[in-house]
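For this chain, numbers begin at 1 and follow the sequence in order. Nothing here was measured: the structure is a model prediction, and the numbers come from that model.
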Amino acid sequence: MNESDPPPKAVFYQTLAAIPPGHFTSYGRIASLCGVHVRQVQAWLRTLPRDSGLPWFRIINSQRKITEHSGAVTQYKNLAAEGLLPNSKGLFPKDRYWPDCLDKN
């Protein structure tokens, strides 16, 4: 990272904000996009200010499922409100996985 690069946390916030409504990504994918370890993404999500307005709920696990945590019910409701519903196995639709879904357009 050179002096003109934004700090990793700022890149994370920008990347999180860029996930479009009705789409999701995984913890690992956003970590890769931000150049950090997945544990760093998880730490930033835990400390995300509640009033940030950032769509934290659009990050799910690599199996395309919601990870069990205290906000899982809220996460499910927020995704459902955007039209994202899991199938009978709890998997969210692969064609809504961001940014990979952009390659198909």
Side-chain angles (χ1 to χ4, degrees):
M1 182 166 103
N2 69 46
E3 291 181 24
S4 64
D5 290 337
K9 192 171 188 178
V11 171
F12 168 70
Y13 286 156
Q14 292 167 354
T15 306
L16 181 58
I19 304 169
H23 294 78
F24 65 89
T25 198
S26 68
Y27 297 97
R29 184 72 167 125
I30 200 165
S32 176
L33 291 168
C34 297
V36 298
H37 193 276
V38 69
R39 288 188 181 125
Q40 183 62 65
V41 167
Q42 293 165 333
W44 286 333
L45 285 170
R46 281 191 300 273
T47 60
L48 191 67
R50 289 185 182 260
D51 63 349
S52 71
L54 292 170
W56 60 269
F57 56 89
R58 294 186 188 137
I59 302 177
I60 63 176
N61 68 36
S62 61
Q63 287 78 43
R64 300 189 344 256
K65 294 182 175 185
I66 292 176
T67 301
E68 290 298 321
H69 59 85
S70 62
V73 171
T74 300
Q75 184 174 17
Y76 175 81
K77 288 179 181 177
N78 287 340
L79 291 172
E82 294 185 349
L84 281 172
L85 298 170
N87 65 19
S88 62
K89 295 180 181 179
L91 301 173
F92 284 86
K94 193 174 189 174
D95 66 339
R96 307 310 288 174
Y97 186 79
W98 181 89
D100 297 356
C101 63
L102 301 177
D103 295 337
K104 294 173 177 62
N105 295 330

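Remark: side-chain polar atoms of Arg58 are not paired, donor with acceptor, to backbone N or O of Thr25 under 3.5 angstrom. With Thr15 contributing its side chain and Val11 its backbone, the two residues share a donor-acceptor pair below 3.5 Å. Without hydrogens or angle criteria, Arg64 side chain to Phe92 main chain gives a donor-acceptor distance under 3.5 Å.
The nearest pair of heavy atoms linking Thr67 to Ala72 is O-CB, 3.9 Å. Nearest heavy atoms, Pro55 versus Leu16: CG-O, 3.3 Å. Nearest heavy-atom pair, Ile59 versus Ser26, reported as atom, atom and distance to 0.1 Å: CG2-C, 3.8 Å. Closest approach of Pro93 to Leu85, counting heavy atoms only: CD-O, 3.7 Å. Gln75 approaches Phe57 most closely through the heavy-atom pair NE2-O, 3.0 Å. Contact record, Pro99 with Arg29: CG-NH2, 3.5 Å, taken as the closest heavy-atom pair.
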Q. Can Tyr97 and Phe24 be said to form a side chain to side chain contact (heavy atoms under 4.5 Å, CB included), step by step?
A. CA-CA 5 Å; Tyr97 186 79; Phe24 65 89; 3.2 Å; yes

Q. What's the verdict on side chain to side chain contact (heavy atoms under 4.5 Å, CB included) for Thr74 and Trp56, showing C-alpha distance, side-chain angles and the deciding distance?
A. CA-CA 11 Å; Thr74 300; Trp56 60 269; 4.0 Å; yes

Q.
Assess the residue pair Leu33 and Trp98 against the criterion (side chain to side chain contact (heavy atoms under 4.5 Å, CB included)); give the C-alpha distance rounded to whole Å, side-chain angles, the decisive distance to 0.1 Å, and a yes or no.
A. CA-CA 11 Å; Leu33 291 168; Trp98 181 89; 3.9 Å; yes

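Rounded to the nearest 0.5 angstrom, His69 NE2 and Arg46 CZ are separated by 11.5 Å. Between the NZ atom in Lys65 and the CG atom in Asn87 there is a gap of 8.5 Å [rounded to 0.5 Å]. Separation of atoms CD (Glu82) and CD1 (Ile19) is listed at 10.0 Å; rounding is to 0.5 Å. With values rounded to the nearest 0.5 angstrom, Glu68 atom CD is found 10.0 Å from Asn61 atom CG. Rounded to the nearest 0.5 angstrom, Trp44 CH2 and Leu54 CG are separated by 13.0 Å.
Hydrophobic clustering, with ILVMFWY side chains joined whenever heavy atoms are under 4.5 angstrom apart, groups Ile30 together with Leu48.
Note on Lys94 versus Asp100: no salt bridge recorded, every NZ/NE/NH1/NH2 to OD/OE distance being 4.0 Å or above.
In summary, the side chains of Ser52 and Tyr13 do not present any donor paired with an acceptor at a separation below 3.5 Å, with no hydrogens or angles considered.
Inter-residue side-chain proximity for Pro8 and Val36 is flagged as met; some heavy-atom pair is nearer than 4.5 Å. Val41 places none of its side-chain heavy atoms less than 4.5 Å from the side chain of Cys34. Counting heavy atoms from C-beta on, the side chains of Ile60 and Tyr27 never come closer than 4.5 Å.
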